[in-house]
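Below: one structure, written as structure tokens.
To find a chain, count down the sequence lines: A is the first, B the second, and so on, and within it residues start at 1. Atom set for the values below is all heavy atoms of this structure, side chains included, hydrogens, waters and symmetry mates excluded.
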There are 2 protein chains.
Amino acid sequence: MTMQQTDGAVRPAGRPRSEKAEKAIIEAALDILGEGSGVSELSIEAIAARAGVGKTTIYRRWSNKEDLVVDALASLKPPIAPLKGESVRDDLVAYLQVVQSESSHVRTRCIMNIAMSQSDRHPRVAERFHEIAIKPRQEMLSAVLERGMANGELRADLDVPMAMAILSGTMMWRTKWADDTLPADLAEQIVDEVLRGFRPR
Amino acid sequence: MTMQQTDGAVRPAGRPRSEKAEKAIIEAALDILGEGSGVSELSIEAIAARAGVGKTTIYRRWSNKEDLVVDALASLKPPIAPLKGESVRDDLVAYLQVVQSESSHVRTRCIMNIAMSQSDRHPRVAERFHEIAIKPRQEMLSAVLERGMANGELRADLDVPMAMAILSGTMMWRTKWADDTLPADLAEQIVDEVLRGFRPR
DNA sequence: ATAATATGAAACGACACCGTTGCGTATCGA
DNA sequence: TCGATACGCAACGGTGTCGTTTCATATTAT
């Protein structure tokens, strides 16, 4: 017994996989998806070409395209807006402002599209996306609302899931079907209108 | 001058185009789109095969796929819920119920997906869809709201576009990201919650 | 009957990807 | 140094779709 490092992963000898290549592949995949391709139009060849990588290198790591996409989405930092603090209104406005600003980034838009429109065909991708990008935000949002219910800023009998759907859905509707350009104070507008019904009576 | 039928379209002699084939083509295209294909995955070959038609017949009528898709979407009867009548609340509930029930039809879902996710890549398709499926409904909705503002059921200073975004966006959010199955009275729930903020104070 | 056009079927060459393999080179541990 | 593994690259045969063309047949007006 001359070797091993006692911890689980025994280095398998030989040249280690390039961390750089892996990053480049994922980045390239996100890049292409961000240009509007659906998952099925996303070709391994195109990813390899853009990443400056051999197809071999991709196939060695992922056995199919879905797995790659899942990992790619997983690598998206869910740049959850950092914490906030003061009034419920201000928190909601800040939250929706993040959502709105993200929706103007082409890449974010397209990835939202994928998550939304391909959930039927690629359920694993959609599921993963939901867990990474949607769920943490929903939790953040519900925390704000519940805090408001506790301290009297909001009605005590507010239906939290419904309230979340109203806030998120309204912003999504506006950003998706934007005929015109969005007003800069869209988040304020939405929150102020919606909160009318959420406040204690 | 021995012929013509004085009305604009002079029959061009020879075998006329088959109306039946045209219907079959469009139906086949919608069918495939309804199974979840995006516009770019929709192949002419597949349409021809499903329609029981030669590719020739398709290419003779449409020079490209987008034109075909545009016509296909145009053929969708916008089954605008027939008129309604009584209170604003009941009208809104009825309207949202139609939206909800449509969202459960696979075909409608997929076509919504296309309209939403491919608006960047196929602007003409999205534009046409908007005109056919979205606009008439928006007008119907805004009519209901304005009636309510006029007769005092709603606040006189209600922001109508905002109110429409809240109603439609909330329903869309719920039908899109449905973790659970949708409650049967979802439309009522949404309307009752949202109207709290829309009523005169 | 005849001319004109449409139809479905089949085949064409071209291209883009597929997933795999072989090659020479690079980078690690022993 | 040497064996092992990963790398990028290029090529393989296979498949699916493209848009076009050819063909025999069908349907219409004159």
Side-chain angles (χ1 to χ4, degrees), chain A residues 1-29 31-33 35-69 71 121-122, chain B residues 1-29 31-33 35-69 71 121-122:
Chain A
M1 287 206 176
T2 60
M3 46 69 150
Q4 80 258 52
Q5 30 240 77
T6 24
D7 66 355
V10 207
R11 175 76 97 76
R15 178 174 175 176
R17 293 192 176 170
S18 159
E19 188 68 23
K20 204 178 92 184
E22 189 137 341
K23 295 290 184 192
I25 293 168
I26 287 186
E27 195 57 28
D31 224 38
I32 296 176
L33 289 177
E35 285 167 2
S37 308
V39 175
S40 29
E41 305 154 65
L42 178 67
S43 82
I44 301 286
E45 310 239 3
I47 298 173
R50 181 168 316 208
V53 145
K55 284 195 290 177
T56 330
T57 307
I58 298 184
Y59 282 115
R60 193 175 293 118
R61 292 157 204 266
W62 296 277
S63 56
N64 64 68
K65 205 163 39 179
E66 279 212 352
D67 286 346
L68 168 54
V69 173
D71 280 4
R121 322 193 74 191
H122 306 280
Chain B
M1 288 208 178
T2 58
M3 48 69 153
Q4 80 256 57
Q5 30 240 77
T6 26
D7 64 356
V10 208
R11 174 77 94 79
R15 176 174 176 176
R17 292 194 176 168
S18 159
E19 188 69 24
K20 204 178 89 185
E22 190 136 341
K23 295 290 183 192
I25 292 168
I26 287 187
E27 195 57 28
D31 224 37
I32 296 176
L33 289 177
E35 286 169 1
S37 309
V39 174
S40 27
E41 306 155 64
L42 178 68
S43 84
I44 301 286
E45 311 240 4
I47 298 173
R50 183 168 314 209
V53 146
K55 283 195 291 178
T56 330
T57 309
I58 298 182
Y59 282 115
R60 193 177 290 117
R61 290 165 157 76
W62 295 278
S63 56
N64 63 68
K65 206 162 38 179
E66 279 211 353
D67 286 345
L68 169 54
V69 173
D71 280 5
R121 324 193 71 189
H122 306 279

In this structure, which one of E22(A), K20(A), R15(A) forms a side chain to side chain contact (heavy atoms under 4.5 Å, CB included) with S18(A)?
-> K20(A)
Nearest-angstrom distance from the residue atom CZ of R50(A) to C1' of dG8(D) = 19 Å
Whole-Å distance separating the CD1 atom of I47(A) from the C1' atom of dG8(D) | 17 Å
End axis versus end axis in the helix from dA1(C)-dT30(D) to dA30(C)-dT1(D), the angle rounded to 10°, five pairs used at each terminus | 10°
To the nearest 0.5 Å, tell me how far I44(A) CD1 sits from I25(A) CD1.
-> 9.0 Å
How many angstroms lie between atom CD1 of I32(B) and atom CD1 of I47(B), to the nearest 0.5 angstrom?
-> 5.5 Å
Is there side-chain contact between H122(A) and V69(A), with at least one heavy-atom pair below 4.5 Å?
-> no
In short, A24(A) meets A51(A) closest at the heavy-atom pair O-CB, 3.5 Å
Taking atom P of dC18(C) as reference, at what distance in whole Å does atom CD of E41(B) sit?
-> 13 Å
Could you tell me the separation between the CD atom of E66(A) and the CZ atom of R121(A), rounded to the nearest 0.5 Å?
-> 10.5 Å
CD1 of I58(B) versus C1' of dG8(C): gap in Å, rounded?
-> 11 Å
Identify the two heavy atoms, one from A48(B) and one from G54(B), that lie closest to each other, and give their separation to 0.1 Å.
-> CB-C, 4.2 Å
Hey, what are the protein-to-nucleotides 18-22 of chain D N/O distances that come in under 3.5 Å?
{"from": "dC18(D)", "atom 1": "OP1", "to": "I44(B)", "atom 2": "N", "distance (Å)": "3.0"}
{"from": "dC18(D)", "atom 1": "OP2", "to": "I44(B)", "atom 2": "N", "distance (Å)": "3.0"}
{"from": "dC18(D)", "atom 1": "OP2", "to": "E45(B)", "atom 2": "N", "distance (Å)": "3.0"}
{"from": "dG19(D)", "atom 1": "OP2", "to": "Y59(B)", "atom 2": "OH", "distance (Å)": "2.5"}
{"from": "dG19(D)", "atom 1": "N7", "to": "K55(B)", "atom 2": "NZ", "distance (Å)": "3.2"}
{"from": "dG19(D)", "atom 1": "O6", "to": "K55(B)", "atom 2": "NZ", "distance (Å)": "2.8"}

Nearest non-hydrogen partners of W62(A) and D71(A), listed with the distance = NE1-OD2, 2.8 Å
Phosphate contact (dT21(C) OP1 or OP2) by R60(A) side-chain N/O below 4.0 Å = no
Rounded to the nearest 0.5 angstrom, the CZ-OG1 distance for R17(B) and T57(B) is 9.5 Å
Would you say a side-chain N or O of T57(A) is under 4.0 Å from OP1 or OP2 of dA6(D)?
-> no
Gap separating the NZ atom of K55(A) from the CD atom of E45(A), nearest 0.5 angstrom | 3.5 Å
Numerically ordered, the residues 14-24 of chain A set in heavy-atom contact under 4.0 Å with DNA chain D is G14(A), R15(A), P16(A), R17(A), S18(A)
